[in-house]
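As structure tokens, the structure follows; a few thoughts come after it.
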Amino acid sequence: METLFTGHNLITLDAIASTNSYVLEQSAHARLPEGTVILAHHQFGGRGQRGSQWHSQPGTGLTMSIVYHPTFVPPIAQFNLNLMVSVGLVKWVSQLGIADVSVKWPNDIYVGDSKLAGILIENVIKGDQILQSVIGIGVNVNNVTFSPELPNAISLRMLNGGLLNVNECVKGICSFIEKQYLRLRAGDKENLKADYKKLLYRLDKPSQFYVAGELTTGVITGVTDTGKLLLSSNGETKEYDLKEIRFL
């Protein structure tokens, strides 16, 4: 593992409901070392944003969790963790020779208009500190078919035309995310936010959304420091959180 600490403590599991849940259960007894990675060959109860399920096919997808101890990030700024993971994943996918990679707010990784990966971050907060951040990552690696519930999913194999080594993918992800984590730890949050903004899916392009159950056309202009989406519509820019808006 070509990292300073991420992935040095690697726990591999054959099958588990959720790698994030495994970390949180283990942490109830003793906090895992920073940089610990949990890798599951098959995850059958993965969770996504809005309470959705992450579908994982045994032996084809990559499901993992990374444990960090970002005590330097105040809880009010915890969206910075989303920034660094999203930017790290986009950079990793892009260096595989894949173009048009973006972040669909708040933290899905898209290639074109298709979903390649998803992120779920769960933080353990005490007082004014984030004691632990559990970063769940699901990537479609060697999948060639998907559930009808996922009409816009895509995999690295479908994009590159060949089988990929999942363990090598894990190494690459650990390396690219650790680099962004070190940037955040060094205080480079403004540049990190700028990088995230440039990678936003449909940035500055008219798109359709459901807002309070009504169809709305607007233009994404960025995100706030707390992770709310900035949408310009009818000459007015408003902030929306995850529960208030969704793409058509």
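Note that the structure is predicted; figures quoted are calculated from it, not measured.
Here Asp195 pairs with Arg183 under the side-chain hydrogen bond (donor to acceptor under 3.5 Å, both in side chains) rule; sequence neighbours left out. Applying the ring pair (Phe, Tyr, Trp, His ring centres under 6.0 Å) test to Phe72 and every residue at least two apart in sequence or in another chain returns Tyr181.
Shortest non-hydrogen contact noted between Glu25 and His29 is O-CD2, 3.4 Å. Summarising the geometry of Val166 relative to Val141, their closest heavy-atom pair is CG2-CG1, 4.3 Å, with the distance given to 0.1 Å. What you find for Ser18 and Ser21 is that their closest heavy atoms are OG-N, 3.2 Å. In terms of heavy atoms, Leu39 sits closest to Thr63 at CD1-O, 3.5 Å. The shortest heavy-atom contact between Asn142 and Gly162 is OD1-O, 4.2 Å. The two residues Gly227 and Trp105 have their closest heavy-atom pair at O-NE1, 2.9 Å.
Taking the ring centre of Tyr196 as origin, the terminal cationic atom of Lys193 falls outside the region bounded by 6.0 Å and 45° from the ring axis.
A side-chain donor-acceptor contact under 3.5 Å links Glu178 and Thr6. Using a 3.5 Å distance cut-off with no hydrogens or angles, the side chains of Ser65 and Asn20 do pair a donor with an acceptor. Using a 3.5 Å distance cut-off with no hydrogens or angles, the side chains of Tyr110 and Asp100 do not pair a donor with an acceptor. Judged purely by distance below 3.5 Å, without hydrogens or angles, the side chains of Gln132 and Ser27 pair a donor atom with an acceptor atom.
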What's the verdict on side-chain contact (heavy atoms from CB on, under 4.5 Å) for Val85 and Gln180, showing C-alpha distance, side-chain angles and the deciding distance?
-> CA-CA 7 Å; Val85 177; Gln180 304 309 312; over 6 Å; no
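Contact of the Val73 side chain with the Thr71 side chain is not registered, since no non-hydrogen atoms from C-beta on lie closer than 4.5 Å. Between Tyr210 and Leu215, some side-chain heavy-atom pair lies under the 4.5 Å cut-off. Between Glu168 and Lys171 the shortest side-chain heavy-atom distance falls below 4.5 Å. Using a 4.5 Å heavy-atom cutoff, the side chains of Ser133 and His69 are not in contact. For the pair Ile177 and Ile66, the minimum side-chain heavy-atom distance is below 4.5 Å. Considering only heavy atoms from C-beta on, Phe176 stays 4.5 Å or farther from Leu89 through its side chain. In this structure, the side chains of Leu24 and Val124 come closer than 4.5 Å at one or more pairs of heavy atoms. Annotation: side chain of Leu62 is in contact with side chain of Ile173 (closest heavy-atom distance under 4.5 Å).
The NE2 atom of His42 sits 10.0 Å away from the OG1 atom of Thr60 when rounded to the nearest 0.5 Å.
Looking only at distances, no side-chain donor or acceptor of Asn143 sits under 3.5 Å from a matching main-chain atom of Ser155.
Here the options are Asn140, Leu116, Ile98, Asp113, the test is side-chain contact (heavy atoms from CB on, under 4.5 Å), and the partner is Ile154; only Leu116 passes.
Salt-bridge annotation for Lys228 and Asp241: absent, with no side-chain N of the basic residue lying under 4.0 Å from a carboxylate O of the acidic one.
By the 30° and 60° cut-offs, the orientation of the rings of Phe247 relative to Phe209 is tilted.
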